[in-house]
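Chain letters run A, B, ... following the sequence lines, proteins first, then strands; residues in each count from 1. These numbers come from a predicted model, not from an experiment.
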There are 2 protein chains.
Amino acid sequence: MNAPIFQRSHSIRDLAREFGITTRTIRFYEEAGMLNPARDGTTRVYSDQDRVKLKLILRGKRLGFSLSESRELIDMYEPSSNNLKQIKALHDKIEQRREALQRQLNDIRIMEKELDEAEERCIAAIQELKRA
Amino acid sequence: MNAPIFQRSHSIRDLAREFGITTRTIRFYEEAGMLNPARDGTTRVYSDQDRVKLKLILRGKRLGFSLSESRELIDMYEPSSNNLKQIKALHDKIEQRREALQRQLNDIRIMEKELDEAEERCIAAIQELKRA
DNA sequence: CTGCAGATTGACGTTCACGTAAACGTAATG
DNA sequence: CATTACGTTTACGTGAACGTCAATCTGCAG
């Protein structure tokens, strides 16, 4: 009767603990229409899919995306639409996101280089102080 | 009497135009203590160094850093301190930033992969609709 | 049954990152 | 000289992303 390795459902508290956020935050994402957990009575019950969505939102956040941008990302996982025009619009958004990521990647590379230089100056300053 | 290629000073409007932000934003960054432009009378005069700082702030923004985090990044460029302890603390922060960037880099890689998959599903859906 | 931990729904508060507007100075231009 | 363009400070407004608190409702251990 151990806990199953692959849980199919999670409580709001479990998810909050797992991702290091508060339950308020999770409920807020639901208010924003990004999560639709099932209910056991009034209590929210989160599926593995809900967990994945939450993960996507948080990763988006780490990358500096707004919640509505993250929602776009989530929507890309459900080509539920059967409207060609909508799907093409989605495809465009995917390309836009990809380009945004490329820009970020570039920023990161530049910033890493600059951190390297900053570190060198730092180390040099330490050496200088040691000799003085 | 042409404009010099390397300007030593810039007006607030020039910078705003160059970076696609408003003058209000630039003044706000000054309020936050991240820029200290010289003054010609009351008018702000920005040096090339100020311009670089602004660039750093905006790059930080694109990477999802808060303004105070960006300020930390800026501080790394001026090992003005001659206090060994402070320099070492700075060095630590540089390492922390580097690790944060690594996490971001990882997030980006994952997200790119997921965008690839989303695109595939998208294309598949389009094909499907074409045959129907 | 009692009590208490943990869930829920409002509703209001807060911080960040600016926007917006008012009131004013200054310099060039027609 | 009047207008236009740009600059300044001061102050209040705003949207996003939650925090906090109160009131209420479960479920269950003792």
> Taking only side-chain N and O atoms of A:K61, does any of them lie within less than 4.0 angstrom of OP1 or OP2 on D:dC18?
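Yes, because at least one side-chain N or O of A:K61 sits under 4.0 Å from OP1 or OP2 of D:dC18.
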> Between atom CZ in A:R39 and atom P in D:dC25, what is the gap in whole Å?
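Rounded to the whole Å, the gap is 16 Å.
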> Just checking A:R27: base, sugar-phosphate only, or nothing, at a heavy-atom cut-off of under 4.0 Å?
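Counting heavy atoms under 4.0 Å across all strands, the contact made by A:R27 includes a base.
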> Think A:T43 has a side-chain N or O under 4.0 angstrom from the OP1 or OP2 of C:dT8?
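False: A:T43 side-chain N/O out of range (4.0 Å or more) of C:dT8 OP1/OP2.
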> Among B:E114, B:E112, B:E119, which residue satisfies the salt bridge (Lys or Arg N to Asp or Glu O under 4.0 Å) criterion with A:R98?
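By the salt bridge (Lys or Arg N to Asp or Glu O under 4.0 Å) criterion, A:R98 pairs with just one of B:E114, B:E112, B:E119: B:E119.
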> Any side-chain to backbone donor/acceptor pair from B:R71 onto B:A32? Under 3.5 Å, distance only.
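Yes.
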> Taking only the side-chain heavy atoms of A:L67 (C-beta and beyond), determine which of D:dC18, D:dG19, C:dA17 contains the nearest atom.
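Among the listed nucleotides, the one closest to the side chain of A:L67 is D:dC18.
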> Could you work out which one of D:dG7, D:dA17, C:dA17 sits closest to the side chain of A:F28?
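Closest nucleotide among those given: D:dA17.
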> Decide whether a cation-pi geometry holds between B:R97 and B:F65; the criteria are a distance under 6.0 Å from NZ or CZ to the six-membered ring centre and an angle within 45° of the ring axis.
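So B:R97 does make the cation-pi contact.
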> NA contact type, B:R13, heavy-atom cut-off 4.0 Å: base, sugar-phosphate, or nothing?
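Here B:R13 touches the backbone only, sparing every base.
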> If the test is side chain to side chain contact (heavy atoms under 4.5 Å, CB included), which one of B:D50, B:T43, B:I12 qualifies with B:P37?
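For B:P37, the side chain to side chain contact (heavy atoms under 4.5 Å, CB included) test succeeds with only one of B:D50, B:T43, B:I12, which is B:D50.
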> If you look at every strand shown and take non-hydrogen atoms under 4.0 Å, does A:T23 touch a base, only sugar-phosphate, or nothing?
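Since no nucleic acid heavy atom lies under 4.0 Å of A:T23, the category is nothing.
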> A:V45 or A:R24: which one's nearest nucleotide on DNA chain C is closer to the 5' end?
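It is A:V45, whose closest nucleotide lies nearer the 5' terminus.
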> So which nucleotide from C:dT9, D:dG19, C:dA17 ends up closest to the side chain of B:S66?
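Side chain of B:S66 sits closest to C:dA17.
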> I'd like to know if the side chain of B:Q104 reaches the main chain of B:L63, judged simply by a donor and an acceptor atom lying under 3.5 Å from each other, with no hydrogens or angles considered.
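Looks like yes, one N/O pair under 3.5 Å.
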> Among D:dG19, C:dT9, C:dC18, which nucleotide sits nearest the side chain of A:T25?
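In terms of side-chain proximity for A:T25, the closest of D:dG19, C:dT9, C:dC18 is D:dG19.
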> Taking any heavy-atom pair under 4.0 Å as a contact, classify A:S68: base, sugar-phosphate, or nothing.
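The residue A:S68 makes no contact with any strand.
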> Counting side-chain heavy atoms from C-beta on, which of D:dT9, C:dT9, D:dC18 comes nearest to A:R44?
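When the side chain of A:R44 is considered, C:dT9 is the closest of D:dT9, C:dT9, D:dC18.
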> Between B:I12 and A:Y29, name the one whose nearest nucleotide on DNA chain D is closer to the 5' end.
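Its nucleotide being nearer the 5' end, the pick is B:I12.
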